[in-house]
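Each chain gets a letter, A, B and so on, in the order its sequence line appears, and its residues count up from 1.
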There are 2 protein chains.
Amino acid sequence: MTEEEIKQSLKLYIVLSRAHKVIDEESHSFFQANGVNPTEFAVLELLYHKGRQPLQQIGSKILLASGSITYVVDKLEKRGYLNRVSCPNDRRVTYAEISEEGHAFMAKIFPQHERVLHELMGALNDEEKEQAIALLKKLGRSIKDLSY
Amino acid sequence: MTEEEIKQSLKLYIVLSRAHKVIDEESHSFFQANGVNPTEFAVLELLYHKGRQPLQQIGSKILLASGSITYVVDKLEKRGYLNRVSCPNDRRVTYAEISEEGHAFMAKIFPQHERVLHELMGALNDEEKEQAIALLKKLGRSIKDLSY
DNA sequence: TATTGTTATACTCTATAACTATA
DNA sequence: TATAGTTATAGAGTATAACAATA
């Protein structure tokens with residue numbers, strides 16, 4: 001392990017962080033312009049694409065404590081984007097289900113979100129994107145394995 | 001612009017976010033184990049590598065409002081990692097300067113931080129890292145240009 | 001007038017712990 | 001006993017605005 005190699009890894013960290021940061025800022029302001037924060041968007045996206053979910057499971061997927069889930073779901077429910085639906089089989093369980101209004105909201109903004117991202121990624125051509133995807137996938141996976 | 005291409009960009013966004021997230025979590029817990037948060041580390045690193053800085057400039061480099069800089073610098077000063085030094089030429093200005101203790105702290109943990117990152121990046125060989133660096137640099141730069 | 005830094009204040013997000021109701 | 005969700009509370013981190021000192 002040479003000095004040179006360590007510096008290279010640091011460099012990779014820096015460019016990765018910067019790229020992520022600028023993308024994140026852009027999508028953050030896109031979300032903000034649409035009145036949701038990234039956590040709320042993540043919850044809505046989950047419900048939009050995977051159907052209704054027990055609150056508990058939303059928490060484990062988005063990595064939020066149960067009290068925090070109540071808070072986020074409360075906000076989205078007040079805004080009319082989802083409904084709480086009790087589970088008939090297990091009366092302890094409450095589902096969150098996207099409402100018509102929430103569905104319409106996501107049907108409108110999700111494609112926009114995709115398009116924003118696509119534009120942001122415009123500096124890379126198809127082949128470069130494939131390369132980047134392969135490299136980052138490899139990286140992300142190995143780190144996840146390391147940390148468990 | 002085909003459906004296919006948009007999905008590819010979304011995919012790139014997802015793998016980039018995931019890779020960043022796992023790296024961030026690892027370095028976050030490294031920082032935490034050393035009693036600082038990422039913002040504090042960023043301030044210390046700036047002072048450690050670039051020398052003393054007017055508080056205002058720290059704010060603009062780390063992207064924090066002036067009130068928030070006071071808060072962060074207060075914490076680091078209380079911990080003995082930096083000192084406030086008034087500027088003799090312009091008495092409105094206060095520099096933050098890393099202390100001996102802060103310097104010793106950074107001299108100890110910065111190389112460790114580099115090594116942690118290097119280990120995390122271990123899934124990629126030198127050539128792959130070069131590719132990833134080139135692609136991410138291109139991406140980050142173009143987005144920054146877009147957003148200004 | 002403009003700028004630097006501080007103070008006071010408020011807000012958002014998250015976590016924790018105690019609780020209720022079910023299982 | 002264990003689990004799902006709620007409530008109450010606290011904390012970290014940030015932003016904003018009003019301010020004092022200085023330019």
Side-chain angles (χ1 to χ4, degrees), chain A residues 21 24-25 27-47 51-79 81-97, chain B residues 17 21 24-25 27-47 52-79 81-97:
Chain A
K21 192 177 177 188
D24 222 46
E25 281 166 359
S27 50
H28 194 289
S29 54
F30 172 75
F31 292 150
Q32 197 159 19
N34 286 284
V36 291
N37 69 28
T39 303
E40 290 160 354
F41 183 82
V43 171
L44 287 177
E45 205 215 319
L46 180 65
L47 303 182
R52 69 183 188 188
Q53 305 279 327
L55 300 197
Q56 193 69 208
Q57 285 193 37
I58 297 177
S60 62
K61 282 177 188 165
I62 315 282
L63 296 181
L64 280 180
S66 68
S68 306
I69 279 297
T70 298
Y71 170 76
V72 175
V73 168
D74 275 354
K75 286 205 302 175
L76 290 171
E77 191 174 30
K78 272 172 204 149
R79 222 171 307 165
Y81 285 166
L82 60 77
N83 297 117
R84 281 179 164 88
V85 180
S86 12
C87 171
N89 305 331
D90 184 340
R91 295 179 52 203
R92 292 171 305 180
V93 171
T94 303
Y95 291 103
E97 182 170 58
Chain B
S17 297
K21 190 176 177 190
D24 222 46
E25 281 167 359
S27 50
H28 195 289
S29 54
F30 172 75
F31 293 149
Q32 197 158 18
N34 287 283
V36 291
N37 69 30
T39 303
E40 290 160 354
F41 184 81
V43 171
L44 287 177
E45 204 215 322
L46 180 65
L47 304 182
R52 68 183 189 188
Q53 306 279 327
L55 299 197
Q56 193 69 206
Q57 285 193 36
I58 297 177
S60 63
K61 283 176 188 166
I62 315 283
L63 296 180
L64 280 180
S66 68
S68 306
I69 279 296
T70 298
Y71 170 77
V72 174
V73 168
D74 276 355
K75 285 206 301 176
L76 291 170
E77 192 174 29
K78 272 172 202 148
R79 221 172 305 165
Y81 285 168
L82 60 76
N83 298 117
R84 280 178 164 89
V85 180
S86 11
C87 171
N89 305 330
D90 185 339
R91 295 179 54 202
R92 292 171 305 181
V93 171
T94 303
Y95 292 103
E97 182 169 58

Closest heavy-atom pair, Leu55(B) versus Ala96(B), reported as atoms and distance to 0.1 Å, is CD2-CB, 3.7 Å
Q) Any side-chain heavy-atom pair from His28(B) and Pro38(B) closer than 4.5 angstrom? A) yes
- Task: State whether the side chain of Asn34(A) and the backbone N or O of Val36(A) hold a donor-acceptor pair below 3.5 Å, judged by distance alone.
- Result: no
For residues 67-76 of chain B, the salt bridge (Lys or Arg N to Asp or Glu O under 4.0 Å) pairs (sequence neighbours left out) are Glu40(B)-Lys75(B), Asp74(B)-Arg84(B)
Can you give me every donor-acceptor pair (side chain of residues 63-73 of chain B, partner residue at least two apart or in another chain, under 3.5 Å) with its distance?
unit_1	atom_1	unit_2	atom_2	d
Thr70(B)	OG1	Ser66(B)	O	3.3

Separation between CD (Gln32(B)) and CG (Asn37(B)), nearest 0.5 Å, reads 9.0 Å
Residue set satisfying side chain to side chain contact (heavy atoms under 4.5 Å, CB included) with Asp90(A), at least two apart, ordered chain then number -> Cys87(A), Arg92(A), Val93(A)
Rounded to the nearest 0.5 angstrom, the CZ-CG distance for Phe31(A) and Asp24(A) is 8.5 Å
Whole-Å distance, Glu77(A) CD to dG5(D) P, equals 13 Å
Looking only at side-chain N and O atoms, does Arg84(A) come under 4.0 Å of OP1 or OP2 in dT6(D)? yes
Any side-chain N or O of Gln56(A) below 4.0 angstrom from OP1/OP2 of dG5(D)? yes
### Message
Quick check against the 3.5 Å criterion: does Arg79(A) have a side-chain atom that pairs as donor or acceptor with the backbone of Gly35(A)?
### Response
yes
Numerically ordered, the residues 59-76 of chain B set in heavy-atom contact under 4.0 Å with DNA chain D is Leu64(B), Ala65(B), Gly67(B), Ser68(B), Tyr71(B), Lys75(B)
Rounded to the nearest 0.5 angstrom, the CG-OG1 distance for Leu44(A) and Thr39(A) is 11.0 Å
- OP1 or OP2 of dT22(D) under 4.0 Å from side-chain N/O of Arg91(B): yes
At a 4.0 Å cut-off to heavy atoms of chain A, the contacted part of DNA chain C spans dT12(C) to dA23(C)
Per the under-4.0 Å heavy-atom filter, residues of residues 32-39 of chain A near DNA chain C come out as Asn37(A), Thr39(A)
